[in-house]
Amino acid sequence: MREEYVEAVLAVVDLVPAGSVLAYGDVAELLGAGGPRQVGAVMSRHGGQTAWWRILKASGGAPEGHEAPALGHYVDEGTPLRRDQHGGWRVDMPQARWTPSDEELEAVEAITEALDRRLHGPEGPGRELSEPGSGMDP
DNA sequence: ATTCTGACTTGCT
DNA sequence: AAGCAAGCCAGAA
């Protein structure tokens with residue numbers, strides 16, 4: 001994926017306050033680009049330098065393969081958790097899910113805007129130039 | 001072009 | 001509540 005997308009995702013992650021979380025799909029939706037799997041891919045490769053535990057599955061489960069350290073952070077930050085039987089736990093999504101304030105929403109918008117600009121280029125995506133040799137004439 | 005894979009989601013048993 | 005299938009989006013082989 002493009003480097004610009006990676007930076008946009010990480011920027012959003014940095015916006016999430018301690019004690020709150022966002023699902024992969026939520027980030028994708030805020031960004032208006034890519035899907036849950038793309039966000040997951042970004043976190044997998046570049047999440048190390050961020051508060052990666054604040055981005056997780058929509059079901060409330062911690063990032064695949066990182067449940068132990070994630071739990072430590074959740075306890076630290078007082079993230080709402082729910083116990084389930086057999087000693088399992090999961091983040092209480094309805095409570096923990098981050099809902100951006102107006103200002104925060106503005107910041108998010110700034111990010112998506114920058115992303116669109118950098119992704120589609122300073123020129124609009126609506127540009128219709130036909131490249132030489134791209135003709136599909138029979 | 002086709003197929004496989006993955007820090008995902010949702011809908012249906 | 002838990003398991004399964006199908007969708008979904010991009011990158012890699």
Side-chain angles (χ1 to χ4, degrees):
Chain A
M1 78 221 5
R2 305 277 313 254
E3 192 57 34
E4 293 86 336
Y5 187 70
V6 172
E7 290 177 14
V9 169
L10 298 183
V12 170
V13 174
D14 285 342
L15 247 39
V16 180
S20 300
V21 301
L22 233 41
Y24 296 100
D26 295 334
V27 176
E29 194 170 334
L30 284 178
L31 249 38
R37 313 200 74 132
Q38 281 53 247
V39 174
V42 170
M43 291 314 283
S44 175
R45 305 178 44 125
H46 310 275
Q49 44 191 345
T50 72
W52 53 267
W53 57 92
R54 297 188 193 145
I55 306 300
L56 70 178
K57 304 183 188 180
S59 59
E64 193 64 36
H66 300 265
E67 315 190 333
L71 177 55
H73 287 293
Y74 297 143
V75 172
D76 262 359
E77 305 184 346
T79 306
L81 301 175
R82 283 184 54 95
R83 298 197 58 73
D84 63 27
Q85 316 148 339
H86 56 274
W89 56 269
R90 37 178 51 210
V91 171
D92 188 340
M93 286 309 274
Q95 280 194 59
R97 176 181 255 108
W98 180 48
T99 48
S101 67
D102 291 358
E103 301 177 9
E104 294 169 323
L105 207 50
E106 247 178 89
V108 171
E109 188 179 330
I111 294 172
T112 71
E113 253 177 59
L115 176 59
D116 278 9
R117 235 180 308 109
R118 296 175 64 186
L119 224 45
H120 305 144
E123 321 296 324
R127 180 170 35 159
E128 309 179 18
L129 304 173
S130 43
E131 294 296 330
S134 65
M136 45 185 177
D137 48 287

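For clarity, every value in this text was computed on a predicted model and none was experimentally measured. The sequence lines fix the lettering, A, B, ..., with proteins before strands; numbering per chain opens at 1. Just the heavy atoms: all of them, side chains too, but no hydrogens, waters or symmetry mates, feed the values below.
- Distance E29(A) CD to dC9(C) P: 13 Å, rounded to the nearest Å.
- At the heavy-atom level, A62(A) lies nowhere under 4.0 Å from the strands shown.
- Rounded to an integer number of Å, the gap from CE of M1(A) to C1' of dC8(B) is 13 Å.
- What separates NE2 of H66(A) from P of dC8(B) is a distance of 10 Å, to the nearest Å.
- Between the CZ atom of R90(A) and the P atom of dA1(C) there is a distance of 8 Å, given to the nearest Å.
- Using a 4.0 Å heavy-atom criterion, one finds that G65(A) contacts no nucleic acid atom at all.
- In this structure, L56(A) places its CG atom 20 Å from P of dG6(B), rounding to the nearest Å.
- Map G34(A) and R45(A) each onto its nearest nucleotide of DNA chain C; the residue landing nearer the 5' end is G34(A).
- Residue R37(A) places no side-chain atom within donor-acceptor reach of the base of dC9(C), judged by atom type and a 3.5 Å distance cut-off alone.
- Nucleotides dA13(C) and dA7(B), compared at atom P, are 15 Å apart to the nearest Å.
- Placement of L22(A) and L105(A) in two distinct hydrophobic clusters is found when ILVMFWY residues are connected by side-chain heavy-atom separations under 4.5 Å, directly or transitively.
- Distance OH (Y5(A)) to P (dG11(C)): 10 Å, rounded to an integer number of Å.
- By the 6.0 Å contact criterion, CD on E29(A) is open, its count of non-hydrogen atoms from other residues, nucleotides or ligands being 12 or less.
- A41(A) comes within 4.0 angstrom of no nucleic acid atom, judged by non-hydrogen atoms across all strands.
- Across dC8(B), dA7(B), dC9(C), the shortest atom-to-atom separation from the side chain of Q38(A) is found for dC9(C).
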